[in-house]
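What you are looking at is a predicted structure, and each value in this text was computed from that prediction instead of being measured. All ligand and atom numbering here is 1-based and tracks the order in the structure.
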Amino acid sequence: MRAVYLDYNGSAPLDPRVAEIMVPILMEGIGNASSIHRFGRQQNTAVDEARQHVAAMVGGRPSNVVFTAGATEANNLALRGAVEGVPAGRSRILISAVEHASVRQTARWLDGHGLTDLDVIPVTKGGFVDLDALESMIDTDVLLVSVMAANSETGVLNPMEEIAERAHAVGALFHCDATQSAGRLPFDLERIGADFVSLSSHKICGPTGVGALVGTRRGLRRLQPIIHGGGHEHGLRSGSLNVAGVVGFGVAARIATQERTSESARVAEARDRLTAALKSRISGVHEIGDVARRLSNTANIRFEGADAEAVVSNMDPVAVSTGSACGSGSIEPSEVLLAMGIPRDAAFESVRFSLGRFTTREDVDLAVESAVTAVGHVRYMARRSA
Ligand code: PMP
């Protein structure tokens with residue numbers, strides 16, 4: 001059986017149109033983008049074009065794009081940078097209970113070092129931020145609210161505008177980790193009211209290891225850098241730019257902006273065909289998260305009575321993933337699923353299918369066959385050892 005890749009939320013495959021533009025830069029591009037000689041200027045022109053495409057993807061301005069080594073770094077910059085640039089009297093940050101580890105762990109680190117007080121906004125059973133809870137937690141001592149646009153494990157979308165409005169009503173900044181949604185759904189930073197958004201190239205079929213924090217001027221002015229040096233990126237992120245990576249990210253952003261509406265309709269159809277087939281062929285199948293408000297490419301599925309790690313291993317060469325994180329030798333269930341009120345044992349049975357640009361009908365059919373066999377096998381082995 002040939003390999004099938006259904007882990008786009010983990011990392012999407014590089015689009016050949018992106019690779020085609022990156023290769024000449026890798027082969028022939030010479031010079032540091034901040035050098036003033038002709039080689040440097042050429043590199044800088046290519047970076048500027050990428051800035052325009054990345055900004056356009058989220059409705060920002062090219063001059064307000066800070067390139068980073070990915071969304072993990074962008075999230076670190078947003079949280080640490082805001083806390084270090086703190087105006088007097090503001091001591092708290094709020095993050096949702098379903099944030100990516102790069103927001104969650106940065107916030108915990110800041111709290112653990114006494115640099116801020118962290119409060120976690122609960123989510124509903126559907127997996128999106130509970131606005132009533134936010135309302136009761138937010139006050140004028142809040143410096144920053146950080147909530148992701150779409151969750152990577154469930155695909156569930158958060159009410160961004162309502163959250164931004166509540167943050168701004170008390171004078172707090174609003175950071176949105178838009179890593180999973182920006183190239184897939186229309187996104188307008190100004191309309192949403194985000195002060196800064198985090199982006200990652202490899203989720204939108206660009207190269208891995210490059211991303212950005214895009215802000216409003218007001219938002220970016222409130223940040224302190226976390227990487228110091230030569231003062232690149234308006235002093236917010238020092239370090240010579242990865243020109244080929246940045247250009248690849250720019251092309252990926254341009255393609256995503258042009259194609260996201262049609263792509264998302266096509267991918268939704270494939271995802272819905274996949275979930276319908278899984279439900280009709282396998283018993284005890286449950287979709288996790290509010291299916292009416294989620295990304296078109298994601299399905300988080302619980303196969304009752306079948307350990308997800310075992311299912312994922314048995315589905316090889318079909319690549320899907322579990323929400324579980326392997327930490328310090330023990331497998332822990334996903335914090336995201338637990339925050340949604342899903343019991344531990346059920347959380348261990350959840351498998352994430354994430355589709356994308358290059359997913360074909362045949363891929364979906366193969367994945368269904370593979371899941372039918374894997375779940376049957378894992379359930380049989382569990383019964384035998386019971
Ligand atoms: N935020 C979210 C929501 C993500 O899904 C990811 C990647 N899994 C990241 C941040 C981190 O992105 P990167 O791999 O670019 O550091």
* Asked: Can you pull the residues with any heavy atom under 4.0 Å from ligand 1?
  -> Gly70, Ala71, Thr72, Asn75, His100, Ser102, Met148, Ser152, Asp177, Thr179, Gln180, Ser200, His202, Lys203

* Structure fact -> Result for side chain to side chain donor-acceptor pair (under 3.5 Å) between Arg92 and one of Asp119, Thr116, Asp117 points to Asp119

* Asked: Could you walk me through whether Ser181 and Leu295 pass the side-chain contact (heavy atoms from CB on, under 4.5 Å) check?
  -> CA-CA 7 Å; Ser181 82; Leu295 290 172; 4.2 Å; yes

* To do: Could you check Phe67 against Arg51 for side-chain contact (heavy atoms from CB on, under 4.5 Å), going step by step and ending with a plain yes or no?
  => CA-CA 8 Å; Phe67 284 117; Arg51 243 182 245 293; 3.7 Å; yes

* Asked: Going by the angle between their ring planes, with limits at 30° and 60°, are Phe196 and His175 parallel, tilted or perpendicular?
  -> tilted

* Asked: Taking 4.0 angstrom as the limit, do Asp290 and Lys125 come out as a salt bridge?
  -> no

* Structure fact -> Heavy-atom nearest pair, Ala374 first then Val311, reads CB-O, 3.9 Å

